[in-house]
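Notes for the one structure printed next.
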Amino acid sequence: QAHLVESGGGLVQAGESLTLSCEATRSTFNLNIGRWYRQAPGNQRELVAEVRSGGATKYSDAVKGRFTISRDNAKNAVYLLMNNLRPEDTAVYYCNGLGTEGFTVVDYWGQGTQVTVSS
C-alpha cells in the first residue's frame, strides 16, 4: 500500500498555476521534512522545495519566487503551489516525506504526478 498519495498534476499553459497535493495514508507517520522533487526526461531528479516541521522552507533557484510549499499537519499533507508555470517546469513531480513511525525512521515517496506546461 502506498504511504504517500499525490494528486493535482495536469496540462496547463505557460503562465498558469497548479497545486499539487501529497497526503500520507498512515496516521502513525510523524512527518518531519516534506519535499517535492521533479524529474524531466533526460535530466536528474532535482529537489525543488522543502518544508521542515517548524515551517522553514527552501527552494531551488529555478522555482524560487514562483512555487510555494506548505503543509497541513492535521491532514498529514504537503502541498506545492506552482505559479507562473513555464515549459521548463514540465516533469514528473514526486513528493517525499522523512519522518518516524515510533522508533523507526522512515522515508516515503509518492507515486509521481505529471505536470506538463505548454507554450
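Index from 1, following the sequence.
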Those residues at least two apart in sequence (or on a different chain) that pass side chain to side chain contact (heavy atoms under 4.5 Å, CB included) with Thr57 are Val51, Tyr59, Ile69
For the residue pair Asn32 and Gly99, what are the closest heavy atoms and their distance? OD1-CA, 3.4 Å
Is there a path of hydrophobic side-chain contacts, each under 4.5 Å between heavy atoms, that joins Val106 and Leu4? yes
Could I get the full list of salt bridge (Lys or Arg N to Asp or Glu O under 4.0 Å) partners for Arg45, not counting sequence neighbours? none
If you round to the nearest 0.5 Å, how far is CG of Asn43 from OG1 of Thr90? 11.0 Å
Could you check if a side-chain atom of Asn84 sits within less than 4.5 angstrom of a side-chain atom of Phe67, using non-hydrogen atoms only? no
Who pairs with Asn76 by side chain to side chain contact (heavy atoms under 4.5 Å, CB included), at least two apart in sequence or on another chain? Ala24
Interatomic distance, SG@Cys22 vs NZ@Lys75, rounded to 0.5 Å, equals 13.5 Å
Close side-chain approach of Arg38 and Glu46, heavy atoms under 4.5 Å: yes
Where at least one partner belongs to residues 1-27, residue pairs that pass ring pair (Phe, Tyr, Trp, His ring centres under 6.0 Å), sequence neighbours excluded: His3-Tyr108
Can you tell whether the side chains of Lys64 and Asp61 come within less than 4.0 Å, N to carboxylate O? yes
Determine which pairs satisfy salt bridge (Lys or Arg N to Asp or Glu O under 4.0 Å) with at least one residue from residues 4-29, sequence neighbours left out, and list them in order. Arg26-Glu101
Side-chain polar contacts of residues 112-119 - donor-acceptor pairs under 3.5 angstrom, sequence neighbours left out - could you list them?
{"residue": "Thr113", "atom": "OG1", "partner": "Gly9", "partner atom": "N", "Å": "3.2"}
{"residue": "Gln114", "atom": "NE2", "partner": "Ala91", "partner atom": "O", "Å": "3.4"}
{"residue": "Gln114", "atom": "NE2", "partner": "Thr116", "partner atom": "OG1", "Å": "3.3"}
{"residue": "Ser118", "atom": "OG", "partner": "Val12", "partner atom": "O", "Å": "3.4"}

Run the numbers on Cys95 and Val78 for side-chain contact (heavy atoms from CB on, under 4.5 Å), then give the verdict. CA-CA 8 Å; Cys95 67; Val78 181; 5.7 Å; no
By the rule that ILVMFWY residues connect when side-chain heavy atoms come within less than 4.5 angstrom, directly or transitively, which residues belong alongside Tyr79? none
Tell me, yes or no, whether the heavy-atom count around Glu88 atom CD, taken from other residues, nucleotides or ligands under 6.0 Å, exceeds 12. yes
Mark yes or no for whether Thr25, through its side chain, and Ala2, through its backbone, hold a donor-acceptor pair below 3.5 Å. yes
For Tyr94, what residues pass the ring pair (Phe, Tyr, Trp, His ring centres under 6.0 Å) criterion, not counting sequence neighbours? none
Under the side chain to side chain contact (heavy atoms under 4.5 Å, CB included) rule, collect the residues that match up with Ser17, sequence neighbours excluded. Asn83
Partner set under side chain to side chain contact (heavy atoms under 4.5 Å, CB included) for Ile33, not counting sequence neighbours: Arg35, Glu50, Arg52, Leu98
Pairs involving residues 30-50, ordered by first then second residue, that meet ring pair (Phe, Tyr, Trp, His ring centres under 6.0 Å) (sequence neighbours left out): Tyr37-Trp109
Decide whether Val92 and Val48 are clustered together by the hydrophobic rule: side chain heavy atoms of Ile, Leu, Val, Met, Phe, Trp, Tyr closer than 4.5 Å, transitively. no
With a 4.5 Å limit on heavy-atom distance, are the side chains of Tyr93 and Met82 in contact? yes
By side-chain hydrogen bond (donor to acceptor under 3.5 Å, both in side chains), Asp107 pairs with (sequence neighbours left out) Asn96
Going from CG on Asn30 to CG on Asn73, what distance comes out if it is rounded to the nearest 0.5 angstrom? 8.5 Å
